[in-house]
Amino acid sequence: MTTSRAATALADATFFPFWLDRADAPAASDPLQGRTRADLLVVGGGFTGLWAAILAKESDPSRDVVLIEADRIAHGASGRPGGIVSTSVMHGLGNAARIFPRDIRALEALGHDNMAGFTDTVWRHDIQADLEWTGEMTVAVSDAGLPAVQEEYELHRAHGHDVALLDGPQTRAQLDSPLFRGALWSRKNSGIVHPARLAWGLRRAALALGVRVHEQTPMTGVDDRGDRLLVRTRDGAVETPRVLFATNAFAAGHRRIRSRVAMVRDRILTTEPLTAEQKAAVGWANRQGVYDTRTQLNYMRLTPDDRILFGGRLGYFMNSPRDPALDRTPEPYLRLADAFFATFPQLEGIRFSHAWSGPIALTTRMAVHFQTYHGGKAVYAGGYSGFGVSASRFGARVGLAKLMGQHLPETGMEFAATEPNWIPPEPFRSIGAKITMAALDGADSKGGWRLPWLRLCSKIGFPLS
Ligand SMILES: Cc1cc2nc3c(=O)[nH]c(=O)nc-3n(C[C@H](O)[C@H](O)[C@H](O)COP(=O)(O)OP(=O)(O)OC[C@H]3O[C@@H](n4cnc5c(N)ncnc54)[C@H](O)[C@@H]3O)c2cc1C
């Protein structure tokens, strides 16, 4: 049951990402017309593709790099996220401990290196991405969530993170909500960024390095010509010895990619900018990115102009359409709006300016992996499962190393050398997703069959509860 308060608050919302809704968005580069050759083709103009193009050019400026994007730069996941960044390249320390316990120290070090490289590139190319090192908090919204927060705290401390464990009043002094019972506050090496400005800055950097960028250029097929691939596009083709498929949740490049990657959609709302009184009512002086422990996880942050961004209601659409019509109507967002008002009842009367969804590439590891095709001439890098704003640089770097046959210590590690578990195809995928979404919706309030189902999902590899 949703409330009329939620409907009123959404009445004037624009169903388009707040991040991309800017007058200074760059004009699209020309589509590829006709046939061309390149040393490296990158397919996909989100963060992974942009990072790959930049890293490839920076390591060898003489390399001819082409990047093609089906739509516009950052119109996939990359212009739509919460924009919370952290050092983990494996969807958080807890997830890294779950999937690769033997490699956790190395993965931690790689994550710190990645963040250093990320920051260095932003600085060197003068990318104005509103990057703020605010830290991040994981907040328990009920007493049942406190043990998980305590466990995360101990894990982070054991790995040398600068963390604090906050009780209820200390948490509410950071960000005031009657739901908050305690939190883990990770104070360093994480923060918030404007994702669209970051992507547009990376695009500018890639162009300055000499990358040829073609938007509105969907890849339509790949022909293997022995020593090269011919990648067909809507109005042309690229002949090249090496292709990086940076197509993430769209899983484009080879029909088998989808056997390991499921596209789910996640939703986000932004409020209108807070007034001084509304800001005083929530606090949030340290502006941390925040995740909570609800089963239908919510995340929240402030935007540079002090709106609250509130995200986190998963949805699944059969056959993964690029832009489901239903996601451009209020219905899917009403429940998210209710969760917002349950979190911040003191903001009664506030209205939402934007509502949107974006594609998440879910895998059983909840982290980036690599798939190799055409005898090594093509590599897919993706599957960040909703945690790729900074990890995408790492995915691009390791994906490129694999593609170029470069042997690095990390290319031999389990995360790079193996693939996550198989996920059943349609229609079983839809059926499983439908049951899981219903379980996520009612698990906190109704319990019953939902918790065992979510535990089963965890066993299979999706730790959603
Ligand atoms: C709602 C939401 C919230 C999120 N919040 C966070 C967060 O707070 N923190 C965090 O770290 N991560 C978050 N993420 C995840 C993060 O946004 C992604 O992991 C990251 O953007 C992935 O980048 P990518 O380049 O791999 O994929 P994408 O940005 O999806 O890029 C893939 C590109 O490939 C293109 N493409 C597909 N098919 C073709 C084709 N045939 N030909 C040419 N191009 C093609 C697509 O158009 C797309 O632009 C969130 C994601 C969503 C959806």
Side-chain angles (χ1 to χ4, degrees), residues 1-26 28 44-46 69-83 194-197 199-200 215-216 218 247-252 262-273 296-301 303 305 307-341 350-362 386 389 426 429-430 433-434 436-438 440-441:
M1 273 287 285
T2 55
T3 61
S4 61
R5 180 177 56 180
T8 308
L10 273 162
D12 302 323
T14 302
F15 292 97
F16 188 70
F18 164 73
W19 303 122
L20 294 169
D21 189 10
R22 287 178 67 103
D24 62 354
E69 161 55 46
D71 189 326
R72 299 284 306 277
I73 292 292
H75 277 234
S78 297
R80 297 167 181 267
H194 190 304
R197 295 192 81 200
W200 295 333
E215 292 172 69
Q216 289 156 350
T247 54
N248 204 36
F250 301 91
M263 183 196 284
V264 295
R265 298 195 76 87
D266 201 34
R267 279 98 180 207
I268 291 186
L269 299 170
T270 46
T271 66
E272 58 200 2
Q296 267 280 17
L297 168 133
N298 290 121
Y299 47 92
M300 52 208 94
R301 59 165 286 184
T303 63
D305 63 349
R307 295 158 201 265
I308 294 180
L309 176 152
F310 193 82
R313 226 196 128 63
L314 294 173
Y316 183 85
F317 297 87
M318 192 163 185
N319 293 324
S320 311
R322 184 172 179 109
D323 185 15
L326 180 61
D327 263 13
R328 284 177 272 111
T329 65
E331 283 71 32
Y333 303 96
L334 291 169
R335 305 267 300 259
L336 186 58
D338 275 337
F340 174 90
F341 284 116
I350 202 165
R351 297 174 79 91
F352 297 109
S353 65
H354 294 75
W356 70 94
S357 80
I360 301 250
L362 196 66
V389 172
E426 299 287 11
R429 194 173 286 204
S430 283
K434 220 172 171 166
T436 306
M437 298 304 155
L440 284 170
D441 272 352

Answer whether the closest heavy-atom distance between the side chains of Trp356 and Asp21 falls below 4.5 Å.
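When only atoms from C-beta onward are counted, Asp21 and Trp356 do not touch, as no gap falls below 4.5 Å.
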May I have the step-by-step check of side-chain contact (heavy atoms from CB on, under 4.5 Å) for Asn298 and Leu336, ending in yes or no?
CA-CA 9 Å; Asn298 290 121; Leu336 186 58; 3.6 Å; yes
What distance do [X] atom [atom1] and [Y] atom [atom2] have between them, rounded to the nearest 0.5 Å?
{"X": "Asp338", "Y": "Arg313", "atom1": "CG", "atom2": "CZ", "value": "9.5 Å"}
{"X": "His194", "Y": "Thr303", "atom1": "NE2", "atom2": "OG1", "value": "8.0 Å"}
{"X": "Thr14", "Y": "His354", "atom1": "OG1", "atom2": "NE2", "value": "4.5 Å"}
{"X": "Ser353", "Y": "Phe16", "atom1": "OG", "atom2": "CZ", "value": "12.5 Å"}
{"X": "Leu326", "Y": "Glu331", "atom1": "CG", "atom2": "CD", "value": "6.5 Å"}
{"X": "Leu309", "Y": "Met300", "atom1": "CG", "atom2": "CE", "value": "10.0 Å"}

Closest non-hydrogen atom pair, [X] against [Y]:
{"X": "Tyr316", "Y": "Val264", "result": "CD1-CG1, 3.9 Å"}
{"X": "Ala355", "Y": "Leu269", "result": "CB-CD2, 3.6 Å"}
{"X": "Glu69", "Y": "Arg322", "result": "OE2-NH2, 4.2 Å"}
{"X": "Asp305", "Y": "Pro273", "result": "O-CB, 3.5 Å"}
{"X": "Ala28", "Y": "Gln216", "result": "CB-OE1, 4.4 Å"}
{"X": "Thr270", "Y": "Phe18", "result": "OG1-CB, 3.7 Å"}

Could you tell me whether a side-chain N or O of [X] sits under 3.5 Å from a main-chain N or O of [Y], the two making a donor and an acceptor?
{"X": "Arg80", "Y": "Ile268", "value": "no"}
{"X": "Ser78", "Y": "Gly46", "value": "no"}
{"X": "Tyr333", "Y": "Asp327", "value": "yes"}
{"X": "Trp19", "Y": "Pro81", "value": "yes"}
{"X": "Glu272", "Y": "Ile350", "value": "no"}

Which class fits the ring pair Phe352 and Phe340: parallel under 30°, tilted 30 to 60°, perpendicular over 60°?
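The rings of Phe352 and Phe340 stand perpendicular, inter-plane angle above 60°.
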Can you list the steps and then say if Arg197 with Arg22 is a side-chain contact (heavy atoms from CB on, under 4.5 Å)?
CA-CA 10 Å; Arg197 295 192 81 200; Arg22 287 178 67 103; 3.7 Å; yes
Can you list the steps and then say if Thr8 with Arg351 is a side-chain contact (heavy atoms from CB on, under 4.5 Å)?
CA-CA 8 Å; Thr8 308; Arg351 297 174 79 91; 3.6 Å; yes
